[in-house]
Amino acid sequence: MAEQVYQPAEIELRVQQRWQDEEAFRADENGRGEKFYCLSMLPYPSGALHMGHVRNYTIGDVISRYHRMCGRNVLQPMGWDAFGLPAENAAISNNTAPASWTYTNIQHMKTQLKRLGFAYDWSREVTTCKPEYYRWEQLMFTRLMKQGLAYRKDSEVNWDPVDQTVLANEQVVDGRGWRSGALVEKKSIPQWFLRITDYAEQLLQGLDQLEHWPEAVKTMQRNWIGRSEGAEFAMSVCSEDGQRDPRNLQVRVYTTRPDTAFGMTYAVLAPEHPLLDQVTTPAQSVRVGAFVSQARAASEMDRLALEGGLEKRGVFTGAYLFNPFTEKPVPLYIADYVLMAYGTGAIMAVPGQDQRDWDFAKSHNLPIIRTVQPPPGWEGDAFTGDGPAINSAWLDGLEVAQAKQKAIDWLEENDLGERKVNFRLRDWGVSRQRYWGCPIPVIYCPHCLAVPVPEEQLPVVLPEDVTFMGVQSPIKADPEWRKTTCPQCGADAERETDTFDTFMESSWYYARYCCPGAGAQLDERARYWLPVDQYIGGIEHAILHLMYFRFYHRLLRDAGMVDGNEPATHLLCQGMVVAETYYREAADGFVRWVNPAEVEITRDAKGKPVGAVLRADGGAVSIGAVEKMSKSRNNGVDPQGLVERYGADCVRLFSMFAAPPDQSLEWSDSGVEGASRFLRRIWSQVMQHANGGSCQALDPGALNPDQREMRRLVHDTIAKVGDDIGRRYTFNTAIAAIMELSNHLSKFGDPGGQGKAVRQEAWLAVVRMLNPITPHICEALWAALGEKGPLYAAPWPAADESARVRSQVTLVVQVNGKVRARLEAEPGLSRESALQLALDLENVQRHVTGKPVHKVIHVPDRLLNIVVG
RNA sequence: GCCGGUGUGGCGGAACUGGUAGACGCGCUGGACUCAAAAUCCAGUUUUGGCAACAAAGUGUCGGUUCGAGUCCGACCACCGGCACCA
């Protein structure tokens, strides 16, 4: 006799124990079926799971379990993105070592993941802060150094002058250090970079092949890479009257609009331009010098205030450049709207065709010459659209695209410049001046300079047993750790004390999951599992992580370790988890946010909310916006408490039911109650059926019409749910269809032998369809229905097409496009018979009588539209 | 400013290929059970009119294409997200 009352906790723990004992989700390269690699972005071990994790990992688990049931050899791994700044912050405030804080968190979160019943192969777990993981990343880096793909150059960091340390961007709050409160300064120090720009073109083109990535992600990446085509050319420094500079100095500029060069009325250098000192005339040097130091000191806030505004700051250098197109000199300015990091750090300025140049020209009283004819009635400033060239000598009359080509051809023929493609994408700065990260494997020798740590000396292990003295990185504070000898000449040398950006670890973990324990970064198993067949994670990683992920895959490919250009064929970005916010505002304007769990909603008779009160004191609270769950709005819901109260299946079910995966999911306590109610109902109905004794074998030929109709619903639902999960990723509509079927089943009271057989088939189908979403209860119901093997290994149900054939269809009858009646009929009704039957209907006659029929539209078995005059 | 996305009942959402708008769930209303409550079960629930049959209106706004538009086209509005002086 099976249990009558649904007790989720007891069932879930028992089923989870069974999965563990049977190693149910262990993945094996020799497994049967086509491989399917389903990957969810690994979490940072911050302390506890939040609802975002639950949503992300439930989606991955549903997809994994579905494909497993479809007969694929599924790999679904999990791991920990374990390096990172929060561990250091926690170490400083709690006086613990970052390592032990991290390992404790991992322990706890792993328990939470297991309690949610995710089908991971834990034998492949990756923890990125362990030397056995990061040693391979160090090895790869030393190889990239030798290939010139890793290099060192000066780069700016945020320097806290009080704490004497480098700050991460997130440690700078309103231009001040998070701990010291001191104004943060810019400081230039040597740092390591990876040459991702060498891959810019292929990273851009690869996007076109990623058919199953969200358009939003691809667009963001395209914009980030920012490819532009134009020309680069040189202009000679000259005097106001066009006399060449005796030093023969030249300034190179980049432009995407060479066709507008006749409209160049001045030129601009970035404040950091290397030629600035040489071209500045003595008369202007004081003003130029003042501007440069001001630009350097300009805080982030000032810069932001200027963006989008009309104010364009700059000063005249005293020098002129010779415009080869007009053969006339133009004044050369310095301005901070020109960036040293893009193009050549110098531009030709054409105010007539560029809004920024227009703004600058206006505020500095520089001339404006239009070189593209704006449309009649144009009243705007710079005109950036298409039109015929004017004021441009031999370009006059040409449209923009042709004029560009002709101008570039002319530059090349006269040896002045050439066609040039530029990218917005910058090389990836991987140095961080932090402790809790992977040590950069470099030794600095006074003779041999930067030397990669030889392979046999790897890994360079980060000491874990450290104490923080203030905010300084313990390995920077410890002179002993740094001491070493040069691997090339044996001289006394020092280790690099910077560590890698943590994006480095998360760029290749997906490949390491394929080959746990490999004696190299990867082995042959990676070729079997890769590429990832389904990747799932937050849209917040659309640019950085997903770009580095695609870049690193190409590095692995070029090192011969993997095949193919892209690491993942399908990407799904789940939406945020949001919730209502509630607050009370004190008289002094101080806002206190109240957690939704402590609030009761008051409603009018129609159920429309009219207010909210705090349970604790019965007083009113204000209703705020629906926002992303966060500590600052106090609208977070702890998954742990929900799992304890309702069970993992219920939490999983609600997460998948409330919204499609790519939209934001609004948390609702009553919605969770609804999910719980559904599970209890399913439980009692299946148990009631199962306790009703054994049933006969189903004989599809012997069914009465009601039984056939019930069975048709079952097989229609099987077809829909498979399509919803497997193709559309609309888990919410899959669940809705299953709920609908179970509602019909509860009304299907047929007590006869074949009635029971139909019901048995239906419940088995429901249990199998629900299994990816709520696997624990399904495993128990499966057994209750008399099935012997484990459900996790059972096949996905197949829709029986013969059972789906309809004996009746509903034909919608419209008159002039308005629905006037419905007609139950046999399928395959002809146009004439349908019209005949429709015209007999009273409500149709009412709208047709006395009017000539102009036209009849017939969609077989669906619709008949009678158009009357 | 540029790029992308979204607008449908009291709420979350469904309608996949232009063909029954509002599936499924929540909430609410009424009823059954109960001394009572909870739980559970049954019925109803876009708006307006009507006892009902039914009719009219209705998918952000305005217009268009079509026998027929939530869906396609044009213009606009609102909100959300990304990038932001990239020449």
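Sequence lines set the chain letters: A, B, ... in the order given, protein chains first and strands last, and positions in each chain run from 1. The figures that follow rest on heavy atoms only: side chains count, while hydrogens, waters and symmetry mates do not.
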Where along nucleotides 37-55 of chain B does protein come under 4.0 Å, by heavy atom, of base (B) or sugar-phosphate alone (S), with - for untouched nucleotides?
--SSS------------SS

Using a 4.0 Å heavy-atom cut-off to protein, can you give one letter per nucleotide of nucleotides 70-80 of chain B, 5' to 3': B if the base is in contact, S if only the sugar-phosphate is, - if neither?
-----------

Quickly work out the [X] [atom1] to [N] [atom2] distance and round it to whole Å.
X: A:Met220; N: B:A84; atom1: CE; atom2: C1'; answer: 14 Å
X: A:Arg55; N: B:G12; atom1: CZ; atom2: C1'; answer: 12 Å
X: A:Glu229; N: B:A87; atom1: CD; atom2: P; answer: 12 Å

Can you tell me which residue pairs pass the salt bridge (charged side-chain N to carboxylate O under 4.0 Å, His left out) test with a partner in residues 259-271 of chain A, sequence neighbours excluded?
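Salt bridge (charged side-chain N to carboxylate O under 4.0 Å, His left out) check on residues 259-271 of chain A returns A:Arg257-A:Asp259.
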
Secondary-structure string, 5' to 3', Watson-Crick or G-U under 3.5 Å, | for another-strand partners, for RNA chain B
(((((((..(((......[....)))((((((.......))))))((((....))))..(((((..]....))))))))))))....

Which part of the nucleic acid, if any, lies within reach of [X] when heavy atoms closer than 4.0 Å are counted: base, sugar-phosphate only, or nothing?
X: A:Ser684; answer: nothing
X: A:Val856; answer: nothing
X: A:Asp357; answer: nothing
X: A:Ser664; answer: sugar-phosphate
X: A:Val812; answer: base
X: A:Gly343; answer: nothing
X: A:Ile735; answer: nothing

All N/O contacts under 3.5 Å from nucleotides 16-19 of chain B to the protein, with atom names and distances to one decimal?
{"unit_1": "B:C16", "atom_1": "O2", "unit_2": "A:Arg727", "atom_2": "NH2", "d": "2.8"}
{"unit_1": "B:C16", "atom_1": "N3", "unit_2": "A:Arg728", "atom_2": "NH1", "d": "3.1"}
{"unit_1": "B:C16", "atom_1": "N4", "unit_2": "A:Lys720", "atom_2": "NZ", "d": "2.6"}
{"unit_1": "B:C16", "atom_1": "N4", "unit_2": "A:Arg728", "atom_2": "NH1", "d": "3.4"}
{"unit_1": "B:G19", "atom_1": "N2", "unit_2": "A:Gln814", "atom_2": "OE1", "d": "3.4"}

With 3.5 Å as the limit, what N/O pairs link the protein to nucleotides 30-33 of chain B?
none

Report the C-alpha distance between A:Phe233 and A:Lys420 in whole Å, list the side-chain angles of each, state the deciding distance to 0.1 Å, and finish with yes or no for side chain to side chain contact (heavy atoms under 4.5 Å, CB included).
CA-CA 9 Å; A:Phe233 65 96; A:Lys420 172 90 189 196; over 6 Å; no

In whole angstrom, give me the gap between the P atoms of B:U47 and B:C42.
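Roughly 23 Å separates the two P atoms.
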
Specify the residue among A:Arg227 and A:Leu665 whose closest nucleotide of RNA chain B lies further upstream toward the 5′ end.
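Looking at the nearest nucleotide for each, A:Leu665 comes out on the 5' side.
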
